[in-house]
Amino acid sequence: MNRHSNGLTLAALVLAGLNMRPLLTSVSPLLGELRQAMSLSSIAASLLPAVPMVMMGAVALLSASLMQRVPLQRLLIAGLALLLLALAARGVIHDGQWLVVSALFAGLGVGVVQMAMPGLIRQRFAQRSAPVTGLWAGALMGGGGLGAALSPWLSAHFGWSLALTGWALPVLLAIVLWWIVRVPVAQSAESVSMPSLWRKPRAWSLALSFGLVNGGYATCVAWLPDAYHHLGWSAQAGGSLLGVMILCQVAGALLMPLLARKADRRPQLIISLVCQLVGMCGFLFAPLLAPWLWAAIAGFGLGAAFPLAMVLALDHLPHPQAGARLVAFMQGAGFIIAGCMPFIAGQLQVLTRSFTSVWMMQGAVTVGLIVLNLRFHPHSYRRAFGQTE
């Protein structure tokens with residue numbers, strides 16, 4: 001495989017990653033405009049970040065059968081095409097309910113891409129899978145930051161409709177790149193027998209931890225700009241604040257896993273969760289004192305916890321195929337849990353007419369996550385799945 005081919009594949013991978021989150025982050029800074037332009041209800045506003053996350057989880061739970069039947073490159077292009085259609089449709093949508101429908105199909109497309117990409121990375125970059133996975137995660141988070149920061153500017157200059165549908169253009173470019181890239185069809189891997197993950201408490205504990213961490217991210221993406229809009233900030237300022245949070249999330253995702261070199265991942269996980277707790281407490285008790293600092297600290301913690309959770313799951317089962325199945329289960333159930341969090345947060349805000357309850361909920365969830373992650377001692381990994389030491 002020549003260097004040019006690898007470089008083109010990496011470019012396609014990064015571009016695909018950049019397209020995974022703007023469908024979420026482009027909406028939240030514009031909620032004020034969308035409420036007026038299309039009579040967006042509180043229920044619909046809460047569903048916009050929730051529905052895509054649930055769809056991502058549903059696709060992950062179905063990943064095993066899909067990846068056995070369809071080549072990975074074809075799955076990637078199909079997922080990007082579905083995302084392209086959903087984003088393009090937003091240009092002709094003028095009703096909040098149909099905006100939610102577009103979020104559903106966009107979430108399905110993103111779920112397909114996220115399901116196929118780890119397998120493609122292992123297939124194409126077997127000797128460099130760890131750094132390439134880090135590059136994928138960084139691109140995914142960085143794209144979310146671009147969506148948050150640029151959408152208010154696009155809306156101010158071209159209108160909210162183009163600000164939403166304009167994110168279809170980089171998806172189209174990603175499809176073209178993946179159409180050019182040539183990925184050989186992998187040979188079928190030997191089947192690995194393992195007990196049903198649905199009956200394993202540790203699998204559910206990992207999924208709960210992963211889901212609640214991503215739920216914190218989804219809640220911030222959905223409501224942080226709106227929370228500061230209620231405090232008198234402009235849409236551009238609120239989007240920039242979210243952009244800073246996501247920029248620090250990229251830094252956390254790239255840096256913290258480098259420190260997790262020992263078998264016990266808990267110290268780095270606890271540090272990440274404490275950072276999240278500090279940020280949420282800042283939003284709760286002193287939102288206007290140092291908002292950029294709170295966003296940076298919370299973002300670093302949220303970004304660091306995401307790849308650490310993936311590594312933690314893979315640590316539990318030494319065989320690559322078994323580990324991949326556990327990660328797929330964790331992401332599937334986890335993203336469904338994560339999708340519920342911004343919806344609950346939105347309804348809390350409606351009931352209390354304040355975002356104080358949202359940050360209180362996130363603080364309590366983070367404390368629970370710290371307690372839960374203290375249980376993940378390396379000595380319990382294999383025993384949790386009935387395997388010998």
Side-chain angles (χ1 to χ4, degrees), residues 21-51 53 96 99-100 103 144-145 147-156 159-160 163-164 215-249 276-299 302 339-366:
R21 291 296 179 266
L23 80 142
L24 295 172
T25 60
S26 63
V27 170
S28 53
L30 307 180
L31 278 178
E33 296 179 56
L34 296 176
R35 286 190 179 104
Q36 295 179 358
M38 58 175 61
S39 301
L40 190 69
S41 67
S42 60
I43 292 289
S46 299
L47 286 173
L48 282 173
V51 166
M53 300 289 281
L99 192 62
V100 173
L150 294 181
S151 293
W153 182 88
L154 290 170
S155 179
W160 61 265
L164 294 181
Y217 165 79
T219 297
C220 288
V221 164
W223 300 115
L224 184 62
D226 203 40
Y228 278 85
H229 179 71
H230 279 70
L231 294 174
W233 287 35
S234 66
Q236 181 65 65
S240 298
L241 183 65
L242 181 58
V244 167
M245 190 201 83
I246 297 176
L247 180 64
C248 293
Q249 188 183 14
Q276 295 176 40
L277 183 60
V278 170
M280 299 306 169
C281 287
F283 294 144
L284 175 61
F285 295 112
L288 294 176
L289 178 63
W292 302 97
L293 178 62
W294 308 141
I297 294 174
L302 288 165
C340 297
M341 296 293 289
F343 180 81
I344 294 171
Q347 297 313 297
L348 274 176
Q349 192 275 331
V350 170
L351 289 173
T352 62
R353 298 186 179 182
S354 170
F355 281 96
T356 298
S357 58
V358 174
W359 307 130
M360 287 180 65
M361 178 191 75
Q362 280 304 130
V365 166
T366 308

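Predicted, not measured: the structure shown is a model, and the values here were computed from it.
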Atom CE of Met38: over 12 foreign heavy atoms under 6.0 Å: yes

side-chain contact (heavy atoms from CB on, under 4.5 Å) between Trp160 and Gln36, worked out: CA-CA 11 Å; Trp160 61 265; Gln36 295 179 358; over 6 Å; no

My understanding is that only residues two or more places apart in sequence, or in another chain, count here; which of them pass side chain to side chain contact (heavy atoms under 4.5 Å, CB included) with Ser41? Ile43, Ala44

Report the residues that fulfil side chain to side chain contact (heavy atoms under 4.5 Å, CB included) with Leu288, sequence neighbours left out, ordered by chain and then residue number. Tyr228, Leu231, Trp233

Which atom pair, heavy atoms only, marks the closest approach of Leu31 to Ala45? CD2-CB, 4.3 Å

Donor-acceptor contacts under 3.5 Å from residues 220-227 side chains, at least two apart:
residue: Trp223; atom: NE1; partner: Pro342; partner atom: O; Å: 3.0
residue: Asp226; atom: OD1; partner: Arg35; partner atom: NH1; Å: 3.3
residue: Asp226; atom: OD2; partner: Arg35; partner atom: NH2; Å: 3.2

Result block: side-chain N/O donor-acceptor pairs under 3.5 angstrom for residues 234-244, not counting sequence neighbours:
residue: Ser234; atom: OG; partner: Ala237; partner atom: N; Å: 3.1
residue: Gln236; atom: OE1; partner: Trp153; partner atom: N; Å: 3.2
residue: Gln236; atom: NE2; partner: Ala149; partner atom: O; Å: 3.2
residue: Gln236; atom: NE2; partner: Ser240; partner atom: OG; Å: 3.4
residue: Ser240; atom: OG; partner: Gln236; partner atom: O; Å: 2.9

Once rounded to the nearest 0.5 Å, what's the spacing between atom OG1 of Thr25 and atom CG of Leu150? 9.5 Å

Nearest atoms (heavy-atom pairs only) where Thr219 meets Ala345: CG2-CB, 3.8 Å

Specify the closest pair of heavy atoms between Leu302 and Gly216, including all atoms of both residues, with the distance to one decimal. CD2-C, 4.1 Å

Heavy-atom closest pair, residues Phe343 and Ala50: CB-CB, 3.9 Å

Please, which pairs that meet salt bridge (charged side-chain N to carboxylate O under 4.0 Å, His left out) have at least one residue in residues 231-247, sequence neighbours excluded? none

Closest heavy-atom contact between Ser46 and Pro49? O-CD, 3.3 Å

Salt bridge (charged side-chain N to carboxylate O under 4.0 Å, His left out) contacts touching residues 342-356 (sequence neighbours left out): none

Fit a plane to each ring of His230 and Phe355, take the angle between them on a 0 to 90° scale, and name the class: parallel (under 30°), tilted (30 to 60°) or perpendicular (over 60°). perpendicular

What is the minimum heavy-atom distance between Ser42 and Val350, and which atoms define it? CB-CG2, 3.5 Å

Residues two or more places apart in sequence or in another chain: which of them pass side chain to side chain contact (heavy atoms under 4.5 Å, CB included) with Ala290? Leu293, Trp294

Go through the structure and list residues passing side chain to side chain contact (heavy atoms under 4.5 Å, CB included) with Thr366, not counting sequence neighbours. Leu273, Gln276, Leu277

Would you mind telling me which of Leu30, Val27, Leu34 makes a side-chain contact (heavy atoms from CB on, under 4.5 Å) with Leu40? Leu34

Thr356: side chain to side chain donor-acceptor pair (under 3.5 Å) partners, not counting sequence neighbours: Ser354

Using the rule given for side-chain contact (heavy atoms from CB on, under 4.5 Å), can you reason through Met341 versus Met53, listing the C-alpha separation, both sets of side-chain angles and the distance that settles it, and then say yes or no? CA-CA 10 Å; Met341 296 293 289; Met53 300 289 281; over 6 Å; no

Across all chains, not counting sequence neighbours, the side chain to side chain donor-acceptor pair (under 3.5 Å) partners of Ser151 are Trp167

In Å and rounded to the nearest 0.5 Å, what is the CD to OG1 distance from Gln347 to Thr352? 10.5 Å

Residues in side chain to side chain donor-acceptor pair (under 3.5 Å) with Glu33, at least two apart? Ser155

